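Report on the following structure.
All values reported here derive from a predicted model rather than from experimental measurement.
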Amino acid sequence: MAAKKQRCWRYTIGPLGYRVTVQERTFGGPVYVYWYDAKIRGRRKRSRGYHVRDAAGELIQDQVNRAQQEANELSTRLMQGDAPTGPVTLGRLFALFRREGFAEHSPRHRLETERQLELWLNYLGAEFVVAQLEAREWRAFIRDRRAGRIDARGKRLDEPAKQQPVRDRVVGKALMVLRQACRFSTRCRVKGGGFLLDTDPTAGLPIPNEKNPRRPAADAERLERLLTVADRVSMYGTDGRRVRSYLRELLTLAADTGRRISSILALRWSDWDPEAKPYCAISWRAEHDKIGRDWVTPVTPAVRTALEALRMERQTVGDVHIFADPRTPDRPVTRHQATGWLRRAEELANLEHLRGGAWHMFRRSWASERKHLSPKDVAYAGGWKDTTTLLKCYQQPDEETVEQVVLGGRPLRMVR
């Protein structure tokens with residue numbers, strides 16, 4: 001005799017046109033709510049995110065009451081004209097994402113995300129219905145952005161002379177922000193029940209990977225040549241005259257601490273502890289750290305000497321920026337200014353610019369110089385969350401180490 005089919009739980013309330021149904025789609029599965037939307041001339045559904053049965057398949061009365069109450073309230077609101085209707089447009093999604101999705105990110109991260117949101121709004125339009133996003137639009141964006149037919153703000157460039165092709169990593173950044181916003185929509189609860197979107201429309205769509213990413217590192221000779229000309233690079237002082245820039249100190253800290261240039265520029269004199277042993281220590285604040293973590297690390301004698309000389313030269317102490325902009329002392333110089341000084345030093349030293357180099361090449365060289373040390377300690381000292389990124393993207397092969405590997409083999413004797 002065939003087993004009796006188990007019936008799913010179901011509850012319906014309201015007159016025709018304002019009828020609401022809550023039910024299990026599968027026995028023991030999550031509860032869904034259904035209602036009629038006149039604007040699309042069809043039914044809408046939302047997952048409620050909870051179950052009305054326990055592990056044994058028995059109904060949980062409290063959950064049943066909860067589902068029935070929500071259905072009653074939604075039916076009433078439908079009759080009052082206050083229902084969760086209307087498609088989720090890109091403009092609506094991004095407005096909620098700005099308010100709730102990345103409010104706690106660092107200012108730099110928020111700025112970068114804002115740029116990508118602007119790109120998508122210009123490319124697809126604020127009225128684009130997110131649920132209609134398909135592989136066709138996804139692939140078209142990859143082709144257009146990769147070929148330079150759209151710029152960094154999502155505006156189409158018809159003249160070939162203005163089109164600048166970009167690498168897959170740039171394309172991938174924009175796609176990841178859109179995916180992040182879509183995933184947020186599946187967790188963002190809306191008035192009336194359920195979530196903003198039932199499913200992520202970007203799920204399963206591929207993001208191109210950079211097969212040969214540019215990750216140049218600065219060797220010792222390059223650093224030495226840059227330090228030789230560093231004092232010839234100037235900036236505007238408080239009186240509008242040209243004075244020596246901070247390039248020498250920035251090069252020293254970048255090469256000897258392995259930290260990101262944004263974290264170095266954000267340092268204050270109160271972050272430096274000259275009394276710490278053996279040479280001194282620096283506190284790296286979470287508010288200026290990419291992964292939002294506080295760190296305290298010792299530094300080299302070269303860093304101590306550079307900071308002491310700069311403090312004597314500038315005559316500044318206390319909770320003020322070490323690398324303050326002379327024209328706006330309450331703010332540090334920007335990373336764009338610092339990068340401009342670095343490019344100027346490369347010109348003075350007759351060095352070819354390394355594409356993808358800038359300040360991160362010193363972070364890579366710092367990590368690579370310490371391959372023989374504990375990865376966990378290197379990650380802490382340099383400000384990496386874990387060793388995965390350190391080993392994958394920063395520590396690079398060098399001629400001497402590769403030679404040691406080639407010559408360092410020994411005969412294999414199997415255990416018998």
Report yes if some heavy atom in the side chain of [X] is under 4.5 Å from a heavy atom in the side chain of [Y]; otherwise report no.
| X | Y | result |
| --- | --- | --- |
| Ile261 | Phe362 | no |
| Trp384 | Arg363 | yes |
| Arg66 | Val31 | no |
| Glu118 | Phe94 | no |
| Leu307 | Val299 | no |
| Phe184 | Leu96 | yes |
| Arg98 | Glu114 | yes |
| Asp168 | Ile142 | no |

Task: Tyr236, OH atom: more than 12 neighbouring heavy atoms under 6.0 Å - done: no
Task: Among Arg222, Glu221, Arg343, side chain to side chain contact (heavy atoms under 4.5 Å, CB included) partner for Leu351 - done: Arg222
Atom pair [atom1] ([X]) and [atom2] ([Y]), whose distance is rounded to the nearest 0.5 Å:
| X | Y | atom1 | atom2 | answer |
| --- | --- | --- | --- | --- |
| Gln164 | Ile150 | CD | CD1 | 13.5 Å |
| Leu133 | Phe141 | CG | CZ | 11.0 Å |
| Gln23 | Lys45 | CD | NZ | 10.0 Å |

TODO: Start with the C-alpha gap between Tyr123 and Arg156, add the side-chain angles, then the distance that decides, and say whether side-chain contact (heavy atoms from CB on, under 4.5 Å) holds.
DONE: CA-CA 8 Å; Tyr123 182 72; Arg156 186 165 293 278; 3.9 Å; yes
Open item on the list: Check whether Tyr279 forms a cation-pi arrangement with Arg304 (NZ or CZ under 6.0 Å from the six-membered ring centre, at most 45° off the ring normal).
Closed with: no
Open item on the list: Whether Arg259 engages the ring of Trp284 as a cation-pi pair (distance to the six-membered ring centre under 6.0 angstrom, angle to the ring normal within 45°) should be assessed.
Closed with: yes
Assess the side chains of [X] and [Y]: does a donor N or O sit below 3.5 Å from an acceptor N or O?
| X | Y | result |
| --- | --- | --- |
| Gln61 | Asn65 | yes |
| Arg285 | Ser270 | yes |
| Thr202 | Trp138 | no |

Task: Whether Tyr11 and Trp9 hold their rings parallel, tilted or perpendicular, with breakpoints at 30° and 60° - done: parallel
Task: side-chain contact (heavy atoms from CB on, under 4.5 Å) between Glu70 and Val20, intermediate numbers included - done: CA-CA 9 Å; Glu70 290 179 353; Val20 176; over 6 Å; no
Task: side-chain contact (heavy atoms from CB on, under 4.5 Å) between Trp341 and Arg248, intermediate numbers included - done: CA-CA 10 Å; Trp341 296 341; Arg248 173 174 292 278; over 6 Å; no
Open item on the list: Run Tyr246 and Leu251 through side-chain contact (heavy atoms from CB on, under 4.5 Å) and show every step you take.
Closed with: CA-CA 9 Å; Tyr246 298 118; Leu251 286 169; over 6 Å; no
